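Given the structure is predicted, the values throughout are model-derived calculations rather than measurements. Just so we're on the same page: letters track the sequence lines, and every chain starts at 1.
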Amino acid sequence: MADNDFEPKLVGFLCRWCTYQGADLAGTSRIQYPPNLVPIRVMCSGRVDPVFVLNAFSRGADGVVIFGCHPGDCHYQEGNYKAVRRYNLLVKLIEQLGIEKERLRLEWVSAAEGARYAKVVKEITEEIKQLGPLNWGRTEEN
Amino acid sequence: MAKPKVAFYWCASCGGCEEAVIDLAEDILKVVEAVDIVFWPVALDFKRKDVEAMEDGSIAVSFINGAVRTSEQQEMVELLRRKSGLVVAFGSCSHLGGIPGLANFWDRNAIVNRAYLTTPSTDNPDKVIPQVSYETEVGELTLPEIYDTVNSLDQVIDVDYYLPGCAPPPDLIMNAVTAILEGKLPPKGSVLSPNKSLCDTCKRNETKPEKLLIKEIKRPYEILIDPEKCFLEQGLLCMGPATRGGCGERCIEGNMPCRGCFGPTDQVKDMGAKFLSAFASMLDTNDEEEIKRIVDTIVDPAGTFYRFSLPSSILKRRNMKGI
Ligand code: SF4
Ligand code: SF4
Ligand code: FES
């Protein structure tokens with residue numbers, strides 16, 4: 001399945017209070033990491049409606065990552081816990097629809113963790129490369 | 001003045017929607033008096049060629065039930081669309097894909113193999129499976145093609161209105177017919193039932209919990225169901241929070257949780273995602289292990305949350321790659 005030329009398309013939902021700043025830090029610290037993940041800034045990981053994730057997959061994402069503040073650090077108290085609850089159910093649901101669970105991740109990255117952000121993006125890019133393209137809908141006949 | 005012409009047609013459906021028309025009881029006589037039924041395969045002996053012979057646009061309204069999953073159904077609905085001023089998607093299958101839409105967890109090959117070769121009750125020593133074309137001494141015999149993917153009606157033709165429900169209840173059918181006859185129609189694309197969630201009118205709403213204290217999701221046969229309390233409170237999945245009202249809480253009244261046959265309200269794009277969100281918000285724990293444990297007690301989330309709406313959901317079907 002692994003195709004060396006395959007560059008996965010990844011979508012990341014980044015909480016603006018933590019990971020988005022962490023990603024900025026990775027940039028200003030000039031840490032190298034793969035360019036495959038398109039970051040989308042959201043107010044909180046709890047703002048990520050499952051519809052966003054399903055839309056991303058249906059429109060060609062090979063992987064989706066929801067990034068939030070570490071447990072206990074959410075600016076809205078419960079948002080990241082809500083994300084955990086949705087995430088666990090959503091993983092089960094997409095697996096039933098033939099999307100491998102590795103394609104959807106939930107990660108905690110704080111504003112200070114630029115290096116960790118880069119590492120997570122690198123890991124995920126590698127992992128999805130191994131998994132191959134999702135090709136959503138391309139096997140459909142109508 | 002000539003009476004408006006009306007057609008009824010069925011695609012991938014169980015026949016329940018035809019039954020729903022009969023269930024209008026005496027009211028059906030009013031309908032028959034006011035309109036001229038020009039095509040209704042289940043009840044009247046008109047053929048496809050009769051429809052083909054009609055002028056385009058000459059049928060005032062076609063009520064089409066069932067999902068679209070064969071080439072024949074596609075041809076028929078395209079024909080009826082051409083001949084009709086209005087097309088009403090009648091019932092859950094036509095509206096959302098419905099129960100036949102659960103076939104989108106598989107594809108044609110998987111379904112045909114299962115049905116013709118591998119079920120325990122199959123006795124098919126020659127391994128005969130249906131072909132779209134077959135040569136015999138008397139010439140070629142043909143069958144319509146069955147598709148990999150089941151579609152809702154509006155994924156195949158333009159649809160003017162939707163009558164939701166499995167099957168649509170008589171009062172909504174009569175309201176729709178009256179509105180059409182009197183020309184008092186809402187904007188095109190409307191679902192002809194109130195745009196409110198089922199919980200809004202459910203009698204058990206008072207006991208609907210803010211937070212789900214239950215640590216395990218059960219299936220209805222596993223418990224003795226309290227006839228007064230909200231099903232969610234009892235640990236049973238009830239699709240009420242994600243479902244459009246208007247059915248008269250038929251299942252709730254029968255002490256069964258809602259399965260979501262009316263589909264979502266206008267604001268909701270994906271019924272499964274909507275229910276998933278609502279449910280996740282209600283879970284009263286922040287402990288990841290416990291969340292996993294509770295989620296694990298939901299046996300079939302995709303099949304439950306998309307029971308009637310898989311074809312019209314964002315992902316529409318299972319990805320068969322690697323399965
Ligand atoms: S969840 Fe079901 S039982 Fe509870 S209020 Fe809503 S419709 Fe009624
Ligand atoms: S309670 Fe739910 S499943 Fe039952 S008829 Fe009403 S909308 Fe359909
Ligand atoms: S504010 Fe960052 S996850 Fe809620």
Side-chain angles (χ1 to χ4, degrees), chain A residues 1 45-62 64 66 68 70-74 76-104 106 108 131-142, chain B residues 68-69 71 74 104-108 145-151 155-156 212 217 268-296 298-306 310 313-323:
Chain A
M1 172 62 57
S45 62
R47 174 66 185 91
V48 181
D49 191 306
V51 162
F52 300 174
V53 174
L54 300 175
N55 269 335
F57 283 125
S58 77
R59 298 194 194 170
D62 299 302
V64 177
I66 302 163
H70 285 272
D73 289 349
C74 172
Y76 310 97
Q77 318 286 354
E78 284 256 327
N80 51 3
Y81 293 123
K82 197 165 166 183
V84 178
R85 294 187 227 126
R86 281 184 187 147
Y87 169 78
N88 279 284
L89 195 44
L90 193 52
V91 164
K92 195 164 167 181
L93 183 116
I94 61 167
E95 273 196 291
Q96 284 187 282
L97 291 163
I99 301 178
E100 299 90 337
K101 62 176 183 304
E102 293 77 14
R103 296 190 190 271
L104 178 60
L106 177 64
W108 311 135
L131 215 53
L134 178 61
N135 283 344
W136 190 262
R138 259 175 258 167
T139 50
E140 263 181 59
E141 126 204 68
N142 48 45
Chain B
V68 181
R69 71 182 309 193
S71 52
Q74 173 153 9
N104 286 359
F105 281 114
W106 307 98
D107 62 8
R108 173 180 41 208
E145 185 192 351
I146 185 165
Y147 298 151
D148 275 327
T149 301
V150 178
N151 294 292
Q155 287 167 339
V156 180
L212 263 191
I217 294 303
V268 175
K269 201 170 153 204
D270 187 290
M271 189 165 184
K274 168 73 186 176
F275 186 80
L276 189 154
S277 268
F279 181 79
S281 310
M282 292 175 84
L283 278 185
D284 187 34
T285 170
N286 290 336
D287 177 82
E288 184 148 10
E289 286 313 306
E290 189 170 14
I291 293 170
K292 280 212 182 91
R293 238 186 346 265
I294 299 175
V295 163
D296 267 342
I298 304 179
V299 181
D300 174 16
T304 308
F305 304 170
Y306 293 121
L310 186 57
S313 70
I314 292 172
L315 292 177
K316 188 168 180 180
R317 56 160 301 117
R318 169 143 70 132
N319 188 358
M320 296 303 285
K321 192 191 72 164
I323 286 166

Which atoms of [X] are under 4.5 Å from chain A, going by heavy atoms: the side chain, the backbone, both sets, or neither?
| X | result |
| --- | --- |
| B:Ile294 | neither |
| B:Asp287 | neither |
| B:Asn104 | neither |
| B:Ser313 | neither |

Can you name the side chain to side chain contact (heavy atoms under 4.5 Å, CB included) partners of B:Ser281, sequence neighbours left out?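 With sequence neighbours excluded, B:Ser281 shows a side chain to side chain contact (heavy atoms under 4.5 Å, CB included) to A:Lys82, given in chain and number order.
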Between B:Arg108 and B:Tyr147, does the side chain to side chain contact (heavy atoms under 4.5 Å, CB included) criterion hold? Intermediate values first, please. CA-CA 6 Å; B:Arg108 173 180 41 208; B:Tyr147 298 151; 5.5 Å; no
Using a cut-off of under 4.5 Å for heavy-atom pairs, which of A:Ile94, A:Asp49, A:Val84 has the most such pairs with chain B?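 Greatest number of close heavy-atom pairs with chain B: A:Val84.
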What residue in A:Glu78, A:Glu100, A:Arg85 has the most heavy-atom pairs under 4.5 Å with chain B?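 Counting heavy-atom pairs under 4.5 Å, the top option is A:Arg85.
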Atom CD of B:Glu290: over 12 foreign heavy atoms under 6.0 Å: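 Check passes, neighbour count above 12.
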Can you see which heavy atom on A:Glu102 is nearest to which on A:Leu131, and at what distance?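 Taking A:Glu102 first and A:Leu131 second, the nearest heavy atoms are CB-CD2, 4.0 Å.
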So, for A:Tyr87 and A:Leu104, which heavy atoms are closest and what is the spacing to 0.1 Å?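 Of all heavy-atom pairs spanning A:Tyr87 and A:Leu104, the closest is OH-O, 2.9 Å.
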Measure the CG-CG distance between A:Leu89 and B:Leu276 for me, rounded to the nearest 0.5 Å.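 Reported to 0.5 Å precision, the distance equals 4.0 Å.
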Do you know which of B:Leu283, B:Val156, B:Asp107, B:Thr304 has the most heavy-atom pairs under 4.5 Å to chain A?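 Option with the top pair count is B:Leu283.
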